[in-house]
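The structure appears right after this line, and notes come after that.
Numbered from 1 within each chain, the chains take letters A, B, ... in sequence-line order.
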Amino acid sequence: MSIDLAELKALQQQYATKVIQYDRNEAFSPRYIAGGDVGFEAQGTVARAAMVILTWPELELVEYQVARVPVTLPYIPGYLSFRECPALEAVWQMLTIKPDLLFIDGQGVAHPRGLGVASHFGLFADVPTIGVAKSRLCGEYDALSPEPGSVVGLRYQGQLIGSVLRSKVRCNPLFISVGHQISATSALAWTQRCLRGYRLPEPTRWADAVASNRPSFQRWLARQ
DNA sequence: GCGACAG
DNA sequence: ATCTTGTCGC
């Protein structure tokens, strides 16, 4: 049976109206901040989602989980959340510690219909989320200065939908956008606060390390 | 019709 | 995303 994109599109438009783009609670001090990422294996037939729990403000890894779920949809630009959310939901339920804030690898509202994977999952899990993408899906932005820390707005159809941040020198910028239950200002601020000298903020960096079993994660495992 | 296009 | 080694540069 073929994929009914028109149906998924209608769902996105419906879900998008439920996304909260302001802070759930002003000036909150999170205890745990999480990161989520999804990879694929077995010729792309299985989605492998990883989530990590870090303490704030130390940003030390205290828990990680990995879930494998059969893929039900191919990658179609603009419909990524339907492909990755099932796996993200699976790892989410495995966590013994639920975070106060979750960073997701991908767009939040910086999406043609305002429902990137960070927003879609935040809505489903009812948790504040921030979308941190490594490349652009839609929108335009002015040239970015080479200095780390420089930021410019991401616009789409006359609206400000996110921020383009040079998190590290000589690295391509990050595309930050509201996921759910957070303001655009806070989304950018928390991303900056979670930066520790690498291109990716710690939550997303660790989630990627776990999902891909990178050396940094292997070393952490050995020390446990 | 042509180019763009998260992971 | 994934397939994959070395290599140039800070």
Rounded to whole angstroms, how far apart are [atom1] on [X] and [atom2] on [N]?
X: A:Tyr79; N: B:dG7; atom1: OH; atom2: C1'; answer: 16 Å
X: A:Leu80; N: C:dT2; atom1: CG; atom2: P; answer: 12 Å
X: A:Glu140; N: B:dG3; atom1: CD; atom2: P; answer: 19 Å
X: A:Leu115; N: B:dA6; atom1: CG; atom2: C1'; answer: 13 Å
X: A:Tyr198; N: C:dC10; atom1: OH; atom2: C1'; answer: 15 Å
X: A:Leu88; N: B:dA6; atom1: CG; atom2: P; answer: 17 Å
X: A:Lys134; N: B:dG7; atom1: NZ; atom2: P; answer: 4 Å
X: A:Leu174; N: B:dA6; atom1: CG; atom2: C1'; answer: 12 Å

Describe the nucleic acid contact of [X] in one word from base, sugar-phosphate, nothing, applying a heavy-atom distance below 4.0 Å.
X: A:Phe82; result: nothing
X: A:Val169; result: nothing
X: A:Phe40; result: sugar-phosphate
X: A:Gly39; result: sugar-phosphate
X: A:Gly44; result: nothing
X: A:Gln43; result: nothing

Please tell me which of the listed nucleotides, C:dT2, B:dG7, B:dC5, lies nearest to the side chain of A:Arg48?
C:dT2

Of the non-hydrogen atoms in A:Leu123 and A:Tyr15, which two are nearest, and what is the gap between them?
CD2-O, 3.4 Å

Please round to the nearest 0.5 Å and tell me the distance separating atom CG of A:Leu102 and atom CD1 of A:Ile130.
9.0 Å

How long is the span from the CD atom in A:Gln21 to the CD atom in A:Gln181, to the nearest 0.5 Å?
12.0 Å

Starting at the 5' end of DNA chain C, which residue's closest nucleotide do you reach first, A:Ser212 or A:Arg170?
A:Ser212

Using OP1 and OP2 only, check whether a side-chain N or O of A:Ser135 sits under 4.0 Å from B:dG7.
yes

Under the side-chain contact (heavy atoms from CB on, under 4.5 Å) test against A:Cys171, which residue among A:Arg199, A:Arg166, A:Lys134 passes?
A:Arg199

Tell me whether the ring of A:Phe175 lies stacked over the B:dA6 base, given a 5.5 Å limit on centroids and a 30° limit on the plane angle.
no

Centre-to-centre under 6.0 Å for A:Phe82 and A:His120, is that the case here?
yes

